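In what follows, a structure is listed as structure tokens, so that the remarks can point back to it.
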2 protein chains.
Amino acid sequence: MAQKLTLKKIAQELKVSISTVSKALRDSHEISVETRTKIQEYAKRYNFKPNNIALSLKNQKTKKIGVIIPEIVHHFFATVISGVERVANEKGYQVIICLSGESFDKEVVNMDMLANGSIDGFVMSLSKETMERQDFHHLREVTNQGMPIVMFDRVADDIACDKIIIDDVEAANKATDFLLRKNRRNLGLISTPDYVNVGRLRTQGFKEALMKRGYEIDESAILKVEDIENCGDKIKDFLAAGNYDGLLAVNELFAVTASKALQGMGKKVPDDVAIIAFTDGMLSKYASPTLTTIGQKGEEMGGLAAAKLIQKLESDHQEDETYETVIVKTSLIERESTP
Amino acid sequence: MAQKLTLKKIAQELKVSISTVSKALRDSHEISVETRTKIQEYAKRYNFKPNNIALSLKNQKTKKIGVIIPEIVHHFFATVISGVERVANEKGYQVIICLSGESFDKEVVNMDMLANGSIDGFVMSLSKETMERQDFHHLREVTNQGMPIVMFDRVADDIACDKIIIDDVEAANKATDFLLRKNRRNLGLISTPDYVNVGRLRTQGFKEALMKRGYEIDESAILKVEDIENCGDKIKDFLAAGNYDGLLAVNELFAVTASKALQGMGKKVPDDVAIIAFTDGMLSKYASPTLTTIGQKGEEMGGLAAAKLIQKLESDHQEDETYETVIVKTSLIERESTP
DNA sequence: TTATGTTAAGAAACCGTTTTCGTAATGTAA
DNA sequence: TTACATTACGAAAACGGTTTCTTAACATAA
């Protein structure tokens, strides 16, 4: 079990000082060619790699970015991470992941831990509980220390930082309009409570599309599901109560649950009811019928978030006190659930 | 932008030495009660938190564990991470994730980076390319340095380390037997190439179940899919060529693809063809019909791996040179795709 | 009074790097 | 010979903590 090689050990072995070794390895001309090659060869032979922790301490930067998300067992978040990781690695950064599990307290604890020197900046999406409480003191604490944050998807409007979002209002608007153009008149929406900003915005887009065409809005045609795990019965009741010929769902889980419920009730998708879902994940691609979706481009959002963060980190210094909100274009992916 | 508070700054402010501050904050009786409370109050008021990097350097441990997996956009791996994260956090550890993207080189680079002081130990599942090459020098290098590894799912038999696996042979065996007991006689298997050990082992279990009952093995009833992304046509051809009444698939993607293909060919699932899939993920739960699966218990495997690793890390020292292979019990989850 | 003990604090070493500064041994020009 | 450069290296500080070793001041016992 050969213990890790350090500058000190090399110095002792070759009977030179630590500084000489360090300089030689960085090819400093202060060191004679002879000594330099001797040291470099030794280092190569015994596979010397400088200790990251020591470098971090010295340089006051870790080359790591912290990602805090509510859940990882969630196709959208998994794709985001994938994008963050890709860009981060390209630029020589590593990714530390913490899950809030939709809990405010865990989000705070995780941020505190990471903020204490473990990382250079954050990429994050807020937990439901945080959105509900509207308590963002932990975010402020971090930004006050001069540590940059890039938020995506579930963002806090009144925190000054870069943000990567999709235009939820417009996307819902377009999807709704798509259904209307297919001559669906009795539309239902399956959404989340309003404190989840994406739920609120998508609901807004849904309403706007209807109003634009002069239809009036029936609040009973909008279902707000609290408990995503046990949404089955709620959705069934909702569908039984209305006579919808078109449905918009804010995620694919709601959509496929609705689709199955409808088929169980003897209705045909898309003939009787057309369905569009947010989030273009596995379920949409493999459900029967396959679902028309609004692609959220998680990969792309993650990549943009990481790129933005790293740019901030490497910009000469926080003179760059302007923040940007990037809106990623969504796209409607047509499949079997719309005619 | 209040710069981060350090011991040094507190010391200057309160006109004492750094050591006094450090001791006071750790409640040392070497410091008078008076001085101690003064310092503690100051630290609390200005929210002092010791710098993680400095602690890591001093203690020669980071309280971080590195996870290297092939992909994160993969329900099974996502659940494993979720389990790792849960247990790690409970024990005060954080999780650094790197993705190999099924590439040998990326796996090596990531391990090298992490091994240089960034983490205390690894939890990992090998990339396909690594399994194919059977080149494990990077694993050996790490273990030789005294850094523990726990492997799960895709493991290398000849590396000495703890392993968490499911009994793939037995699980496939049981699933096959289940189909046979339902009077299915013409069974097909959709698997991966043999260098992926889980594919090989599940194939073995499938064969053993048939032989045990005296059926002979028809190699043409076994499909080995290389390219998981574009498996559709291969599977369609395979199903068209045989007249199966029962199918075992080594993952749910293959299973749901097969199910849809069969239904497209006018066959009924499960009446004409029964299907069982490995990996109990989203697809199985929401496909039509829902799929009977073999649950791989990713959460549990991740949790066990993290617990094992941390136990190794905190055991008084590598006197504990024995390695364990934990076999996680699978369970057959019956749904609509089997009668 | 002297020897010994106790208390409360600071100095310094250490973890593994990088980097600035200092300097002995040369070489070169006046 | 003296003064100044250059070369090639080492010493030391710094990053931010923890911990061991020292020490000054005072208290107590012989």
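Within every chain, numbering begins at 1; the chains are lettered A, B, ... in the order of the sequence lines, protein sequences first and strands thereafter. Fair warning: this is a prediction, and the values are worked out from it, not measured in the lab.
Here C:dG10 is the nucleotide among D:dG17, C:dG10, C:dT17 with the atom lying nearest to any side-chain atom of B:Thr20. Among the nucleotides D:dT18, C:dG16, C:dA9, the one closest to any side-chain atom of B:Thr35 is C:dA9. Distance from the side chain of B:Leu57 is smallest for D:dG16 among the nucleotides C:dT18, D:dG16, D:dT19.
Rounded to whole Å, atom P of C:dA9 lies 14 Å from atom CG of B:Leu25. Here D:dG17 presents its P atom at 9 Å from NZ of B:Lys4, a figure rounded to the nearest Å. Distance, B:Lys8 NZ to D:dC15 C1': 8 Å, rounded to whole Å. The nearest whole Å value for the distance from the CD1 atom in A:Ile18 to the P atom in C:dA13 is 14 Å. Between A:Lys38 atom NZ and D:dA8 atom P the separation is 14 Å, expressed in whole Å. Taking atom NZ of A:Lys58 as the reference point, atom P of C:dT17 lies 13 Å away to the nearest angstrom. Protein atom CZ of A:Arg26 is 5 Å distant from nucleotide atom P of C:dT19, rounded to whole Å. Note: CG (B:Leu55) to C1' (C:dC15) measures 11 Å, nearest angstrom.
Here A:Ser32 reaches the OP1 or OP2 of D:dC9: one of its side-chain N or O atoms lies under 4.0 Å away. The shortest distance between the side-chain N/O atoms of A:Gln60 and the OP1/OP2 oxygens of D:dG16 is below 4.0 Å.
Using a 4.0 Å heavy-atom cutoff across all strands shown, A:Thr6 reaches sugar-phosphate atoms only and no base atom. Within the nucleic acid shown, B:Ser22 comes within 4.0 Å of at least one base atom, counting heavy atoms only.
Taking each heavy atom of B:Ile65 and B:Ala306 in turn, the nearest pair found is CD1-CB, 4.4 Å.
Qualifying side-chain contact (heavy atoms from CB on, under 4.5 Å) partners for B:Leu304, counting only residues two or more places apart in sequence or in other chains: B:Ile164, B:Glu300, B:Val326, B:Val328. Judged as a side-chain contact (heavy atoms from CB on, under 4.5 Å), and not counting sequence neighbours, the contacts of A:Glu90 are A:Arg86.
Interface residues of residues 9-17 of chain B facing DNA chain D, ordered by number: none; criterion, heavy-atom separation under 4.0 Å.
Salt bridge B:Arg133/B:Glu107: absent, no basic N to carboxylate O contact under 4.0 Å. A salt bridge links B:Arg36 with B:Asp27: the closest approach of a Lys/Arg side-chain nitrogen to an acidic carboxylate oxygen falls below 4.0 angstrom.
Place A:Ile53 and B:His29 on DNA chain C by their nearest nucleotides, and B:His29 ends up nearer the 5' end. Nearest-nucleotide mapping onto DNA chain C: of B:Glu30 and B:Ala54, the residue sitting toward the 5' end is B:Glu30.
Scanning atom types as modelled, one donor and one acceptor separated by under 3.5 angstrom connect the side chain of A:Lys23 and the base of C:dT20.
No donor-acceptor contact under 3.5 angstrom links the side chains of B:Ser19 and B:Ser22, judged on distance only. Of the N and O atoms on the side chains of A:Ser82 and A:Thr79, not one donor lies less than 3.5 Å from an acceptor on the other residue. Defined by atom type and a distance below 3.5 Å, a donor-acceptor pair is present between the side-chain atoms of A:Asn116 and B:Lys4.
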